[in-house]
There are 2 protein chains.
Amino acid sequence: MTNKEQILQTALALFAEQGYDRTPTSQIAREAGVSEGLIFRHFGSKDALLAAIIQLGLSQIAESMQGYTGQAAPHGAIAEHIARSFALVRAHETFWRLVQKARFQPAVRQTAAAQIEEVNRFIVGQLTAHFQQAGSANPQLEALHLFALIDGVTIHYLDNPAEYPLDAMQQFLIQKYSDGNNMG
Amino acid sequence: MTNKEQILQTALALFAEQGYDRTPTSQIAREAGVSEGLIFRHFGSKDALLAAIIQLGLSQIAESMQGYTGQAAPHGAIAEHIARSFALVRAHETFWRLVQKARFQPAVRQTAAAQIEEVNRFIVGQLTAHFQQAGSANPQLEALHLFALIDGVTIHYLDNPAEYPLDAMQQFLIQKYSDGNNMG
DNA sequence: TACCTTTGTGAGTGATTACTCACTTTTATG
DNA sequence: CATAAAAGTGAGTAATCACTCACAAAGGTA
């Protein structure tokens, strides 16, 4: 692993654990085993370092979303969305913890807000289409509802991964949605 | 309003808007119209100021929760919980924005975590009882599910209060739960 | 080898910040 | 009124932090 990659990885871990504002660049350098100056040679500023982390994380996620055709039956598409969402959270737990932190830090948001918001809009749009295709009476609200639900479960899980029953919750939700209760 | 109250109110607004770490005590003092030293005379430290804000907010909320007997019919109790939750968010929007921020800032959490977590546990317990009384097949998961849902909707609303359809979502959820779909 | 570019260092710097303290003013109490 | 306690001030301080810079090492290319 190059020093640059080492910096990215160390900074991600520290930002996710301590928060952006509480993580000095000196600590990143120390734990990454490089000099502090190197961070600024590679990324220019602490803000730009965060932006690079977000961009890298999103691109990795986009990569693992390849092959998500969503061409299954309406019910199946929604179940698949739920399963994929939680799979992403499980696979990129640290990154999501950073994103959830960043969401509520205005100065941090400026860096990442546009990218994340675009992803969110895409997801809600896709969900709306699924619910519409499934004949839901109110696909828009249904999509916002599921989106909020997944976000809420994700946050509660990240709050306490060791104890939160994510597997059970995932099965619970998938069953709920495969009953057709939400297809009104 | 006393100077002490003025400090609390100003700090709440600034913490909620900018975040705790991004808000210097000098700014709080300036906007509250007092000297910086007075903050420390009254509260001792910036951390203690935050703790006082959280405690005040929670006590106000506990006060407005008085009279919430939850003695209605099972379905009614859940609908009432949903309505009351969003009413609280609407009435204490700034405070909730601070709480959502604090949730992801470890150093800030130490101050407020115990109190907030206790409230959360109480809510989940109460919801579980409601679902149990309603004959749900899995009251525990059902309670966690509704709790996450309300949290998710709250966060999305706080993200963009001007555009989020909170009224519609509230009616949507209440109708969903009065159908008995979740009573298995 | 000679030369250039990239990578890497670490001591230094100016700005910011939470907090202190000696002091003054106001308020309460006998 | 006298006195003490509480409220209030603002200049000062030590520490921290993001960032700079002069320089060195390493790597590629002719």
Side-chain angles (χ1 to χ4, degrees), chain A residues 1-57 98 101-102 104-113, chain B residues 1-57 98 101-102 104-113:
Chain A
M1 174 154 19
T2 67
N3 276 337
K4 195 173 179 180
E5 290 166 334
Q6 187 68 42
I7 291 170
L8 281 167
Q9 186 173 312
T10 305
L12 167 59
L14 289 174
F15 287 164
E17 187 193 340
Q18 307 177 346
Y20 177 81
D21 288 318
R22 303 257 172 167
T23 303
T25 52
S26 58
Q27 186 186 10
I28 298 170
R30 195 184 331 122
E31 301 201 8
V34 300
S35 69
E36 199 176 350
L38 191 59
I39 293 175
F40 294 93
R41 179 164 299 281
H42 278 311
F43 301 99
S45 72
K46 193 184 173 187
D47 263 20
L49 169 59
L50 175 66
I53 291 172
I54 300 276
Q55 196 171 359
L56 180 62
L98 172 61
K101 277 201 170 84
F104 290 102
Q105 294 203 344
V108 174
R109 291 196 57 165
Q110 284 188 336
T111 304
Chain B
M1 177 151 19
T2 66
N3 276 337
K4 195 173 180 181
E5 289 167 335
Q6 186 68 42
I7 291 171
L8 281 167
Q9 186 173 313
T10 306
L12 167 60
L14 290 174
F15 287 165
E17 187 192 340
Q18 307 177 345
Y20 176 81
D21 287 318
R22 304 254 172 170
T23 303
T25 52
S26 58
Q27 187 186 10
I28 298 170
R30 196 184 332 118
E31 300 201 8
V34 300
S35 68
E36 199 177 351
L38 191 59
I39 293 175
F40 293 92
R41 178 163 299 280
H42 278 311
F43 300 99
S45 73
K46 193 184 173 187
D47 263 21
L49 168 60
L50 174 65
I53 291 172
I54 301 277
Q55 196 171 359
L56 180 63
L98 171 62
K101 277 202 170 83
F104 290 102
Q105 294 205 343
V108 174
R109 289 196 58 168
Q110 283 188 338
T111 304

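Note on naming: letters A, B, ... go to the chains in the order of the sequence lines (proteins, then strands), and numbering restarts at 1 for each one. Keep in mind that what you see is a predicted model, and the values were worked out from it rather than measured.
We find that CD1 of B:I7 is positioned 12 Å from C1' of D:dT9, with the value rounded to whole Å. A:K4 has its NZ atom 21 Å from the P atom of D:dA26, to the nearest Å. Going from atom CD1 of A:I28 over to atom C1' of D:dC17 covers 12 Å, rounded to whole Å. Taking atom CD1 of B:I39 as the reference point, atom P of D:dA7 lies 15 Å away to the nearest angstrom. Protein atom CZ of A:R30 is 15 Å distant from nucleotide atom P of C:dT9, rounded to whole Å. If you take CD of A:Q27 and C1' of D:dC19, they are 18 Å apart, rounded to a whole angstrom. Spacing between atom CG of A:L38 and atom P of D:dT20 amounts to 14 Å, rounded to whole angstrom units. As a whole-Å value, the separation of A:K46 NZ from D:dC19 P is 8 Å.
Residue A:P24 has its side chain nearest to D:dA18 when only D:dT9, D:dA18, C:dA18 are considered. Nearest to the side chain of B:F40, among C:dG8, C:dC19, D:dA7, sits C:dC19. When distances run from any side-chain atom of B:E36 to the nucleotides D:dA18, C:dC19, D:dT9, the shortest one goes to C:dC19.
No hydrogens or angles considered: nothing links the side chains of A:E31 and A:T10 as a donor-acceptor pair under 3.5 Å. Checked by atom type, the side-chain pair B:T25/B:E36 shows a donor-acceptor distance below 3.5 Å.
Taking each heavy atom of B:L14 and B:T23 in turn, the nearest pair found is O-OG1, 3.4 Å.
Dashed line: the shortest gap from a side-chain N or O of B:S35 to OP1 or OP2 of D:dG10 is not under 4.0 Å. Using a 4.0 Å cut-off, no side-chain N or O of B:H42 falls inside it from OP1 or OP2 of D:dA6. Close to D:dG8, at under 4.0 Å from its OP1 or OP2, lies a side-chain N or O of B:N3.
A:Q27 contributes no side-chain N or O that, together with a main-chain N or O of A:P24, makes up a donor-acceptor pair within less than 3.5 Å.
If you find the closest nucleotide of DNA chain D to A:R41 and to B:G37, the one lying nearer the 5' end belongs to B:G37.
In this structure, A:K46 is positioned above the aromatic face of A:Y20, its NZ or CZ under 6.0 Å from the six-membered ring centre and within 45° of the axis.
Among the heavy atoms of the strands lying under 4.0 Å from B:T23 are primed sugar atoms or P, OP1, OP2 only; no base atom is included.
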